[in-house]
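One structure is given here, and the rest of the page talks about it.
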Amino acid sequence: QVHVVESGGGLVQAGGSLRLTCEASGRPGSRLPIAWFRQRAGNEREFVAAITWSGDTVNYADSVRGRFTISRDGAENTGYLQMDSLKPEDTAVYYCAVSVYGPSGRPRDPNAYDYWGQGTQVTVSS
């Protein structure tokens with residue numbers, strides 16, 4: 001069993017920055033792929049960014065590329081999402097997800113992830 005917890009959400013003005021943290025525990029010694037998804041009100045959950053277990057490869061949604069940066073702690077299953085130049089349309093609940101069995105070449109597919117956090121609210125005011 002893997003326990004996933006997000007933190008760092010909040011209220012920020014447009015153009016501002018926030019840094020989200022994801023901590024996944026329960027698999028000591030294993031480095032897991034980590035992804036961020038978000039769900040805006042009235043919309044389906046959508047992919048934001050993903051990083052492989054090694055940190056060598058990252059993927060971004062077109063809507064956040066160049067503004068958001070995903071990274072991870074080299075030794076632990078801790079991931080980060082640095083969000084800069086935030087826009088009101090970035091307002092959403094942000095979820096962290098980890099994959100135990102590997103996303104199998106589908107890092108943008110939510111079904112490829114096995115454990116999810118409860119989410120953290122990010123609100124960007126105009």
Go through the steps for S17 and Q82 under the test side chain to side chain contact (heavy atoms under 4.5 Å, CB included), then give the verdict.
CA-CA 7 Å; S17 298; Q82 178 66 41; 3.9 Å; yes

Answer whether the closest heavy-atom distance between the side chains of D114 and V98 falls below 4.5 Å.
no

Salt bridge (charged side-chain N to carboxylate O under 4.0 Å, His left out): pairs with one or both residues in residues 97-112, sequence neighbours excluded:
R106-D109

Considering only NZ, NE, NH1 and NH2 on the basic side and carboxylate oxygens on the acidic side, decide whether K87 and D90 come within less than 4.0 Å.
no

Are Y101 and I51 grouped together when hydrophobic residues (ILVMFWY) are joined by side-chain heavy atoms under 4.5 angstrom apart?
yes

If we ignore hydrogens and angles and just use 3.5 Å, is the side chain of Y113 paired with the main-chain N or O of P107 as donor and acceptor?
yes

To the closest 0.5 Å, what do you measure between SG (C22) and CD1 (I70)?
8.5 Å

Given R38 and E46, is the side chain to side chain contact (heavy atoms under 4.5 Å, CB included) satisfied, shown in steps?
CA-CA 5 Å; R38 69 185 182 187; E46 62 178 352; 2.6 Å; yes

Would you call the rings of Y95 and W116 parallel, tilted or perpendicular, taking 30° and 60° as the class edges?
perpendicular

Please list every donor-acceptor pair under 3.5 Å in which a side-chain atom of residues 118-126 meets a protein atom from a residue at least two apart or in another chain.
from: T120; atom 1: OG1; to: G9; atom 2: N; distance (Å): 3.2
from: Q121; atom 1: NE2; to: A92; atom 2: O; distance (Å): 3.4
from: Q121; atom 1: NE2; to: T123; atom 2: OG1; distance (Å): 3.3

Expected output: side-chain R67 to main-chain S85 donor-acceptor under 3.5 Å:
yes

Which heavy atom of V2 sits nearest to which heavy atom of Y115, and what is that distance?
O-CD2, 3.4 Å

Excluding sequence neighbours, so at least two apart, what forms side-chain hydrogen bond (donor to acceptor under 3.5 Å, both in side chains) with S54?
T52, D56

Rounded distance [0.5 Å steps], CH2 in W36 versus OH in Y94
10.0 Å

For residues 25-34, dump all side-chain donor-acceptor pairs below 3.5 Å to protein atoms at least two apart in sequence or in another chain.
from: R31; atom 1: NE; to: W53; atom 2: O; distance (Å): 3.4
from: R31; atom 1: NE; to: G74; atom 2: O; distance (Å): 3.3
from: R31; atom 1: NH1; to: G74; atom 2: O; distance (Å): 3.4
from: R31; atom 1: NH2; to: W53; atom 2: O; distance (Å): 3.3
from: R31; atom 1: NH2; to: G74; atom 2: O; distance (Å): 3.2

Provide the full list of ring pair (Phe, Tyr, Trp, His ring centres under 6.0 Å) pairs with a residue in residues 54-89, sequence neighbours left out, each pair given once.
none

Show your working on side chain to side chain contact (heavy atoms under 4.5 Å, CB included) between T69 and L81 and close with a plain yes or no.
CA-CA 6 Å; T69 304; L81 186 67; over 6 Å; no

With hydrophobic residues grouped by side-chain heavy-atom distances under 4.5 Å, do V12 and V93 end up in a single group?
no

Residue pairs fulfilling side chain to side chain donor-acceptor pair (under 3.5 Å) with at least one residue in residues 2-14, sequence neighbours excluded
none

Donor-acceptor contact present, side-chain N59 to main-chain A49, <3.5 Å
no

Just wondering, do L20 and M83 contact through their side chains at under 4.5 Å, heavy atoms?
yes

